[in-house]
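The next block holds one structure in the form of structure tokens; read it before the comments.
All residue numbers in this chain count up from 1 along the given sequence. Treat the numbers as computed from the prediction; the structure is a model and nothing was measured.
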Amino acid sequence: MKLLFLEDERYFTGIFGSHWIEANREKIEFSGHRHYKRPTSFFSNYTCVISVQYLWPLCNIIAIKARAAGTNTVLIADGIIDWANCTKNPFVLESKLQLYQPIVHDTFLCPGLLEGKIFCEKKSIPFIPHKLLPKPAIIKPEKMTTTSTLLLTTANTPYFNSSEKVRLQELIKEIISIPDIKIILRIFDKSLLDFKEATHFHNELDKPFEELINEVSAVITTPSSVALTSMLAGKPTCQIIYRDTPILMQTGWILHASCNIRETVESLLLAEKSRLDFQQKIISQNYANTDWENSFRSTHNDNSDIKHILENSCIRIIESPFNFNFEMPLRRFRQWLRKKFKI
């Protein structure tokens with residue numbers, strides 16, 4: 001088996017874990033994006049072509065070529081699928097695409113059986129990236145009380161416009177204003193904490209989530225992969241809802257402006273049994289990991305849906321010897337600048 005990973009190795013360390021990569025290194029070639037100008041027949045040398053960056057046109061072009069060559073292709077979602085992120089994220093808007101619509105690969109690996117079926121008409125397989133799996137030490141029973149510690153956190157990009165920010169900020173303010181509740185904050189966008197009440201709470205940004213979750217009994221978060229990790233760890237988990245887009249990932253608790261905020265938080269901290277049972281069923285039925293490695297093996301491809309794309313003149317342009325692509329060097333340079341100057 002010979003695997004071509006289109007992005008750099010750093011993309012896949014968090015997805016598969018360093019142990020899996022080292023165990024399979026002889027089968028793997030990273031940075032396959034550099035082959036984008038190769039003829040279609042070149043990709044028949046590989047068992048499978050795998051990519052993560054859906055919004056990067058080169059990856060999709062290579063996937064189309066590989067499928068035409070009869071090589072299996074797999075797209076991986078490295079976090080939960082959130083409807084708002086798929087449609088409102090600035091990177092998505094700039095690309096003039098909708099995330100994961102359509103998927104040109106043979107197979108889609110993503111967190112969630114339902115989510116995979118919604119976004120991929122061909123074949124989807126539930127898959128939890130390694131970085132989202134809780135450490136075994138996290139999963140431990142504990143007696144819950146209203147004096148238990150609560151973690152309040154958000155996605156890295158929790159809002160996409162000013163009205164969402166205002167609504168989210170108001171809900172955060174209401175939560176931390178509840179008396180006699182122990183709360184740890186983990187909110188990277190400090191502008192969300194730009195109000196007086198927030199100054200009384202420590203915003204823990206240094207500890208990794210895997211370590212911080214050991215110190216709390218329950219988690220409140222905006223829709224994000226943190227919610228999935230929290231549920232996998234058996235923690236009572238609540239999502240803050242402040243937009244009207246579909247909710248793809250279900251948690252045992254949700255919190256929005258029309259809720260009695262205090263009652264919802266107390267129910268969360270008491271780990272109300274019926275809700276926690278529901279949450280565990282969601283995990284076992286929708287987010288159970290499967291034998292995803294089989295998706296990398298050779299399979300019979302139906303290429304009828306991509307023939308018209310291959311005939312498109314853009315392929316000929318991409319294969320032109322006069323075509324130069326500076327995207328990856330520029331990406332590496334930007335990453336170096338951020339690391340060097342901490343920007």
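- To the nearest 0.5 Å, atom CD1 of residue Ile187 and atom CG of residue Leu193 are 4.5 Å apart.
- Using a cut-off of 4.0 Å between Lys/Arg side-chain N and Asp/Glu carboxylate O, Glu204 and Arg186 are scored as not salt-bridged.
- Grouping the Ile, Leu, Val, Met, Phe, Trp and Tyr side chains by contacts below 4.5 angstrom, directly or via other members, places Trp253 with Leu152.
- Smallest separation of non-hydrogen atoms from Gln98 and Val92: CA-CG1, 4.1 Å.
- Side-chain polar atoms of Thr221 and Ser224 form a donor-acceptor pair below 3.5 angstrom.
- Asp291 is listed as a side-chain neighbour of Glu293, based on a closest heavy-atom distance under 4.5 Å.
- With hydrogens and angles ignored, the 3.5 Å screen pairs a side-chain donor or acceptor of Tyr54 with a backbone N or O of Gln101.
- For the pair Lys165/Ser191, a side-chain contact is recorded, criterion being any heavy-atom separation below 4.5 Å from C-beta on.
- For Ser217 and Lys182, the side-chain atoms include no donor-acceptor pair closer than 3.5 Å.
- Atoms SG and CG, on Cys59 and Leu75 in that order, are 9.0 Å from each other to the nearest 0.5 Å.
- The nearest pair of heavy atoms linking Phe296 to Asn72 is C-ND2, 3.9 Å.
- Note on Arg67 versus Asp106: salt bridge recorded, some NZ/NE/NH1/NH2 to OD/OE distance being below 4.0 Å.
- We find that Glu272 and Arg275 are joined by a salt bridge, their nearest charged nitrogen and carboxylate oxygen being less than 4.0 Å apart.
- The OG1 atom of Thr157 sits 7.5 Å away from the CG atom of Asn85 when rounded to the nearest 0.5 Å.
- For the residue pair Tyr46 / Glu29, a side-chain donor-acceptor distance below 3.5 Å is found, with atom types taken as modelled.
- Below 30°, between 30° and 60°, or above 60°: for Trp56 and His33 the angle between ring planes is between 30° and 60°, a tilted geometry.
- Under the 3.5 Å distance criterion, the side-chain polar atoms of Asn45 are matched with a main-chain donor or acceptor of Phe42.
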- Task: Apply side chain to side chain contact (heavy atoms under 4.5 Å, CB included) to Leu150 and Ile220, showing your working.
- Result: CA-CA 7 Å; Leu150 172 70; Ile220 296 179; 3.7 Å; yes

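- Of all heavy-atom pairs spanning Ile261 and His256, the tightest one is CD1-O, 3.7 Å.
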- Please walk me through it: do Thr149 and Ile184 pass side chain to side chain contact (heavy atoms under 4.5 Å, CB included)? CA-CA 7 Å; Thr149 303; Ile184 296 176; 3.9 Å; yes

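- For His200, the NE2 atom is densely surrounded, since the number of other residues' heavy atoms within 6.0 Å is greater than 12.
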- Task: Report the C-alpha separation of Thr237 and Ser230 in whole Å, then their side-chain angles, then the decisive distance to 0.1 Å, and conclude whether the side-chain hydrogen bond (donor to acceptor under 3.5 Å, both in side chains) test is met.
- Result: CA-CA 6 Å; Thr237 305; Ser230 176; 2.7 Å; yes

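- Note on Asp277 versus Lys273: salt bridge recorded, some NZ/NE/NH1/NH2 to OD/OE distance being below 4.0 Å.
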- Task: Could you please spell out the steps behind the side-chain hydrogen bond (donor to acceptor under 3.5 Å, both in side chains) verdict for Thr264 and Ser267?
- Result: CA-CA 5 Å; Thr264 302; Ser267 169; over 6 Å; no

- Message: One pair to check against side chain to side chain contact (heavy atoms under 4.5 Å, CB included): Met231 and Val219. What are the steps and the verdict?
- Response: CA-CA 9 Å; Met231 291 193 291; Val219 175; over 6 Å; no

- List the steps and the verdict of side-chain hydrogen bond (donor to acceptor under 3.5 Å, both in side chains) for Tyr159 and Gln169. CA-CA 10 Å; Tyr159 56 85; Gln169 190 175 48; over 6 Å; no

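- Ser18 and His130 share no side-chain donor-acceptor pair at under 3.5 Å.
- Under the 3.5 Å distance criterion, the side-chain polar atoms of Asp8 are left unmatched by any main-chain donor or acceptor of Arg10.
- Side-chain rings of Phe119 and Phe108 stay apart, their centers remaining 6.0 Å or farther from each other.
- Summarising the geometry of Gln280 relative to Gly234, their closest heavy-atom pair is OE1-CA, 4.0 Å, with the distance given to 0.1 Å.
- Considering only heavy atoms from C-beta on, Leu3 comes within 4.5 Å of Ile50 through its side chain.
- Here the straight-line distance linking atom CD of Glu164 with atom CZ of Arg243 works out to 4.0 Å at 0.5 Å rounding.
- Side chain of Lys65 to backbone of Tyr36: a donor-acceptor contact under 3.5 angstrom is found.
- When hydrophobic clusters are built by joining Ile, Leu, Val, Met, Phe, Trp and Tyr residues whose side-chain heavy atoms come closer than 4.5 Å, directly or via intermediates, Leu168 is grouped together with Phe195.
- The OG atom of Ser225 sits 7.0 Å away from the CE atom of Met249 when rounded to the nearest 0.5 Å.
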- Task: Apply side-chain hydrogen bond (donor to acceptor under 3.5 Å, both in side chains) to the pair Asn286 and Glu115, showing each step before the final yes or no.
- Result: CA-CA 9 Å; Asn286 198 53; Glu115 291 90 324; 3.0 Å; yes

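- Rounding to the nearest 0.5 Å places CG of Asn203 at 12.0 Å from OG1 of Thr199.
- Minimum heavy-atom separation, Ile15 to Val52: CD1-CG2, 3.5 Å.
- In summary, Asp78 and Lys131 engage in a salt bridge, as defined by a charged side-chain N under 4.0 Å from a carboxylate O.
- Ion pairing between Arg262 and Glu174 fails under the 4.0 Å rule for side-chain N and carboxylate O.
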- Stepwise side chain to side chain contact (heavy atoms under 4.5 Å, CB included) test for Ile81 and Cys110: CA-CA 8 Å; Ile81 298 180; Cys110 79; 4.1 Å; yes

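- Pairing each heavy atom of Ala77 with each of Pro129, the nearest pair is O-CG, 3.8 Å.
- Between Trp20 and Trp292, the two ring planes are tilted [angle within 30° to 60°].
- Put simply, the side chain of Ser51 reaches to within 4.5 Å of the side chain of His105, judged on heavy atoms.
- The aromatic rings of Phe16 and Phe5 stand perpendicular to each other, their planes meeting at an angle above 60°, with 30° marking the opposite boundary.
- For the pair Ile181/Leu269, a side-chain contact is recorded, criterion being any heavy-atom separation below 4.5 Å from C-beta on.
- Taking hydrophobic clusters as Ile, Leu, Val, Met, Phe, Trp and Tyr residues chained together by side-chain heavy-atom distances below 4.5 Å, Ile240 shares a cluster with Phe201.
- Formation of a donor-acceptor pair under 3.5 Å by the Gln279 side chain with backbone atoms of Lys235 is found in this model.
- Formation of a donor-acceptor pair under 3.5 Å by the Thr87 side chain with backbone atoms of Trp83 is found in this model.
- A perpendicular orientation is assigned to the rings of His35 and Phe43, their planes being inclined by more than 60° (bins at 30° and 60°).
- No donor-acceptor pair closer than 3.5 Å links the side chain of Thr251 to the backbone N or O of Cys238.
- With contacts defined as side-chain heavy-atom distances shorter than 4.5 Å, the pair Cys48/Thr73 does not qualify.
- Residues Leu232 and Ile283 form a side-chain contact, since some pair of their non-hydrogen atoms from C-beta on lies under 4.5 Å apart.
- A salt bridge links Arg25 to Glu22: one of the charged nitrogens lies within less than 4.0 Å of a carboxylate oxygen.
- Residues Lys27 and Lys2 are not in side-chain contact: their nearest non-hydrogen atoms beyond the backbone lie 4.5 Å or more apart.
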